[in-house]
Amino acid sequence: CSSNDDVDLEPAELVDFDETVEINRHWSENVGMGAGKNYNLLPLATLSDQVFAVDAEGLVAAIDIASGDENWETELEVPVSSGVGAAQGQVFLGTLKGEVIALDAVSGTVQWRKPLTGEILAPPQSNGREVVVQTLDGKIYGLQASDGTQLWMHDSTIPALTLRGTSTPLVTATSAYVGFATGKVVALDVKDGTTQWEQRVAVAQGRSELERVIDINSAPLLVGELLYSVSYQGRLVALNRGTGRGLWAQKESSVNNLSAGLGNIYITDADDNVKAYDALSGELVWTNEQLVRRQLGAPQTFGRYVAVADFEGYVHILNQADGAFVARRKVDGDGVRTPMTAVGDTLIVYGNSGELEALSIEE
Amino acid sequence: QSFRVNDIRLEGLQRVSAGTVFAALPVQIGETMDSVAIRNATRSLFRTGYFEDIQIGRDGNVLVIGVKERPAISEIEIEGNKAIKTEDLMKGMTDNGLSEGQIFKQATLEGLTQELERQYVAQGRYSASVKTEVIDLPRNQVKLKISVDEGSVASIKHINVVGNKAFSDEELGDLFELKTTGWLSWLNSNDRYSKEKLTGDLERLESHYLDRGYLKFNIDSTQVSLSPDKEAVYITVNITEGDVYTVSDVELAGDPVVPEEQIKRLFLLREGQTFSQVLMTTTSDYITRRLGNEGYTFAEVRGIPELNDDDNTVKVTFFMDPGKRAYVRRINFRGNTKTSDEVLRREMRQMEGGSASTARIESSKVRLERLGFFKEVTVDTKEVPGTSDQVDVEYTVEEQPSGSIGASLGFAQGSGLVLGANIQQNNWFGTGKQVGFNVSTSTYQTVYSFNYTDPYFTPDGVSRGFNVFFRERDFEEVNVSSYTTDSFGASMNFGYPISETERLNFGFGYTNISIETGAFAVKEIIGSPRLFDESVYKDEYITVDDYEDILNGLANPCSSCGSDYDATLPSVSTMDITDDLLRESPEGWIDENGDSFDIFNLNASWRQSTLNRGRLATRGASQSLSFELSLPGGDLEYYKLIYTAQYFQPLTRSLTLRLRTKLGYADAYGDTTELPFFENFYSGGFGSVRGFKRNTLGPLATPADVYTTVAYDSDGNGTNDSLVYVLGDDGQLASRVIDNDDDPFGGNILIEGSAEILFPMPFIKDQRSLQSAFFIDAGNVFDTDCGEEQLNCYDVDLNKLSVSAGIGVTWITGFGPLTFSVAKALKENEYDDTEFFQFSLGTAF
Amino acid sequence: CSSQDEGPKYTTEKDFYEAAQQQLKARQWETAIDNLQALEANFPFGTYAEQAQLELIYAYYRNFEHEASSAAADRFIRLHPQHRSVDYAFYMKGLASFTEGSGMFERFLPTDLTQRDPGAARQSFAHFSQLLARFPNSQYAPDARKRMIYLRNLLARYEIHVANYYMKRGAWVAAANRGRYVVENFQQTPAVPDALAVMVQSYHALDMDDLSANTLATLKTNYPTHPAFKSNGEFNYQHSGRLEERSWISYATFGLFDKKDPPGFDSREQYNPEYFRENQAPPEGV
Amino acid sequence: CQYFQFPGVYKIDIQQGNIVTQEMIDQLKPGMTKRQVRYVMGTPLIEDTFNPNRWDYYYSMAPGKGEPTKERISVYFEGDTLTSFSGDYTPNGAKSTPTPEQVPASDSEPATEFEAE
């Protein structure tokens, strides 16, 4: 008789291929204890020639992108849950206790601290004058960048059960684009918080609480006049940044940030397929299913390639054109979950155990 | 074209009965049929759900209905389910019409898979998925194969309270029932998220703040978020604490039916004190209860805090609405199928047709529990429809065996197999009378006794009873020095309550007791060494050398004289015993007081009990002081004073501390020299100091001293026909000490005590007839005038107490209490016998 | 893996039903129940299904499984409300709770059911009255009616016992109300004469002589031979508490010996012919 | 049953009937309907089945220790309206009425009363 074999599936095996390019490592640094046990993303931030990283216990480090030398290091002694946001000489962080901290980008000294009401899981973003922060309880705060006084607050009611993590706001000179756990993208005036437009990305279906989760955890991506956003168990949409009207939409489900390059939008969906959609028409250009169930992080374009990292710490480099593997390198045994960032042709990867590496491709 | 139907024929029916089809058909024989009627018939037949396809045709004037039945489910197989057992899944399936033998409907199957997934989500298994497969079988049957991938349980990884300044995260964390995965989570699965538990936790959090004066405390929002792999749950609670409020004033409002000072005494909130919600609600409960006692059972009292934000103070006003004075119309009892109504009703302190008082209704419930006949008693007051001030009170009881009935096969430690019928029933045929007759034999005692007590001889609870007994006890068997007592007698007792919780009992009786001492009775009982009775032993003695010859004679019989060893005995000369040859033997008790007595005794006792249950109590206290006096003029004059007490103190919701003590003092008076040894106190064993052999603590008896004797041929006819003593070399008759193991002798002072922690047995649901406890027992027996050579005999000396610790379990079964214990001696005196495991079933000795 | 338990010995419906019939006749209730259940499971819509359900009710009852029998009857009523013998199901529900009160224990030991919890009796009375209301001319109606009378007497006698206790206790209002409850709710039961006597005695003790007088008048006219009347026709007020009747023994022993306790009123022998020995077996299934 | 008893036997209080106070009596006015009387005096515990026009408010208290007290007042009706009442009370409250204090405070044992629940 059929013994009840457990039906859970194994992550896909690594496919072997002949590497067509060389990955070389410029430098590698160690930043504190890394992302820690809980599932929280601690995105990096780059400003002029420095990259800023923070570990789960509040150690902030500023490292020179070219040389990899550490410019300064500050110990905040408070659990940081939001990763780093940076703009015009200032670095911003959010903590589990709902406090926003601003540091001077050059010296690393704390400029001001501002307590808010909810956990901050996404890095505060700033355009130099205002800082926009989203807290887990569905509130968006506009703060004065110089001293942290609160300018405005936009509130939205969020469903009882949501996915861990919030969408990082996209802040421009005039407006702030934010994705909510309600499956909506909202454009707010950055000075007074009034709603410019609001667009629904996904509609909740299904009976159980779980089937009705349609969080937008990915940060809105601005490419030219179009704003791209994807929700969980919902859709990938392209919206006009001024009016919010939808240009095209594809049925998609992802919690990771998007990336753009060579006219495509790159996405790693909930089943860990890497896909490329045409930015203007929304056509599916290519799909790479060879990394299924390897818990992929957000894709990151750099040079002519797009990189994704998985739970075993491998960084896979694919061609932006056809999605084929070109190279692979193991960065951090504990895995890489935090979204990577790119400056020109160098890719900066931050492993879960605190390993920070800068990579680039040898042609 | 319509036609008249004069017959109906059914084709294709397999399992569905013709009756069901006809019942569903809207058309009867004799009616006219047209296309509209045919369509209706088809539709109504489809609605029965039994048929996949229906053809209605015509054969002349016969209506032909061809049906193809939907397949019936012959078997349902579920696999891969561990968390939810197959029976629960099956039950869920049968509830919505999917079970073996039922007709298979696709719609219900979809509904079912969603139902299963919903059940798994409810259990926190968010990543569960259910796949179904329908396999066709012959004879139009199908097999359902359901494979379940339960995934792993989403466990709580992180609970984060944002905005708490006054209390640390750990302090607030303790309030939560939901916990992050800890090392015990596999057992109590407290790291599994559930909505109900979260709401409970939030209420506890709120009352934690409100009880400490944070009146403006508010839970702004809570978020429950799930990691993308659906295996980790994060709970965030955002709060604003607000300031601490102190009480500025406490007032009463509404019409007080009871003088205000009496109510003011109940206030738990005082001016200047930090406000506490729990104190406010408890105060209003006390006031409601106080009004209830006054007869206003419909009274409602609400405490309203008025906040004054500028100086952070709060004025508390208690609004009292006594409502109508309520009266009890009828008191009903439910569940007493064995116990008669009067036995319950006579415990009532609340009268029908009288003003209802919550205190009396409540204390009546406690009195029912104290009877010990019921496992559980619940009380419920219902308003009488049509009146605004009358209530009916309903007591629901669940009966439990009250005593042991039927031939009880008991095995008590030390007294061996207790055989025979010893029936002790405290609720004889449900009449509440205590009746017991005991015909039991065991190695240690044979007892024939009958006792009868009517606790309610008068309505006020004056009890009257008597008992008659015949008892033969052989103390040797139960590790006490060798003697047997035969006693019989009768006694009469009566008692009456002197307050709600106290009773006085009196009794007087006659007992006749006679003692036979064995040959080796210990010195304390009868002096030794002593000469044996003349019939067997001549009062003569022989010299030591003759004694050795006899022994040698015995040791190596001569080879020539055949098997008959007697012939070789040397002839010896015997001499008469003179008193100076007798050893000095101090008088024992029997020498001084004789060995058969007629005693008239009088006993009186005072008993007080506020225990919450008759058996296996868990709260309250009870104590009793009893005094027994054998009246002067009887053959024996002694008195006995015994004090026992126990006290329960709940420690936590499930643990209770129980302290127990038993003190005894007895002594003789008048012309009885010393307390009769058979009335001595003993200690050790079950029910006193566990971990020690039964009755072995305390003074030991000094073994008897016995003259040496030998058989010899007095008249030279070649056979040993009489026994004679031997002259020792110290000029007196030789004697030796019988070194049987040191039998305990008991004493006239008993000190015993024990401290127990009662804990609920794990994995057992119905705890009501079970009690388990860690215990520390201590105790010993002392004697005011010990014999000179008596071992282990001390006057009262507390650090001579033997102490043991262990675990004991008591279980009330139909046969009576089954008790066993495992104990280790912590401190033991030199001669104590320890015993690790002890148990007794049926009515222990 | 799910080992196939030795499948039903019988293959067709008819065999199941025949087997069950023999077992019922041979009083093997246990096996009959199993067969009937197997029949119903495998042939839910067969010709014998309904009949099997009826037999099941009867088998459970005779096997002392009162709850199961009552539940099976409920199920039958729900499934076949218009079935021609659905009245049997109602009747059996009444019967199940009728004998509920006297389980194994009471059957062998002489217990006076009128002093025990009347809950089961009240429930049985309700079921029977439902039967009479819906099927007045069912074949079980006469027997149900007889049982209802027995139950009503039992409930009334229970009230009198309580009244007697309250009189012993000296709670006269309680006793009077219990008496009045019987007179108002249990007319024509043999307990009424005792109820009237209780009311006479209670009102007398409450010094409400006018109430006591006219209740006495009703008692005298309807039940002149009630034991409470003394030979000369006067009412014997047992509880007047006059001291002189007490013997010197009870005096000397504080009333412990030879205490004459007022017995209360119990004229069952005279007015309450022991109608119905309830362990008479109920009629076989139809 | 007041036969000679043990010294000091604890007897419980037997309280029967409706507690009637002077304020209740003062509110009674002839002509009130039965519902009004019932609101003021409460439901009478003794009702005569044969004579609906007469309500008896009887109160008795036989305490464990001490003298039993008895109060009685009967109320008569014509149809639905109150005509007269007689018994131990007089409208202007001449007779001392058992104020609630005389009803002894709760006699339950203090220790377990509150924590019994």
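Naming convention: chains lettered A, B, ... in sequence-line order (proteins, then strands); numbering from 1 in each chain.
Of all the listed residues (B:Arg334, B:Arg329, B:Arg345, B:Met348), the one sharing the greatest number of non-hydrogen pairs under 4.5 Å with chain C is B:Arg345.
Heavy atoms closer than 4.5 Å to chain C are found nowhere in B:Leu344, neither backbone nor side chain. Neither the backbone nor the side chain of B:Thr431 comes within contact range of chain C; no heavy atom of the residue lies under 4.5 Å from a heavy atom of that chain.
The two residues B:Asn332 and C:Arg178 make their nearest non-hydrogen contact at OD1-NH2, 4.1 Å. For B:Arg346 against C:Tyr165, the heavy-atom pair with the smallest separation is CA-OH, 3.1 Å.
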Derivation of the salt bridge (Lys or Arg N to Asp or Glu O under 4.0 Å) call for B:Glu342 and C:Arg169: CA-CA 11 Å; B:Glu342 187 171 340; C:Arg169 182 80 266 189; over 6 Å; no
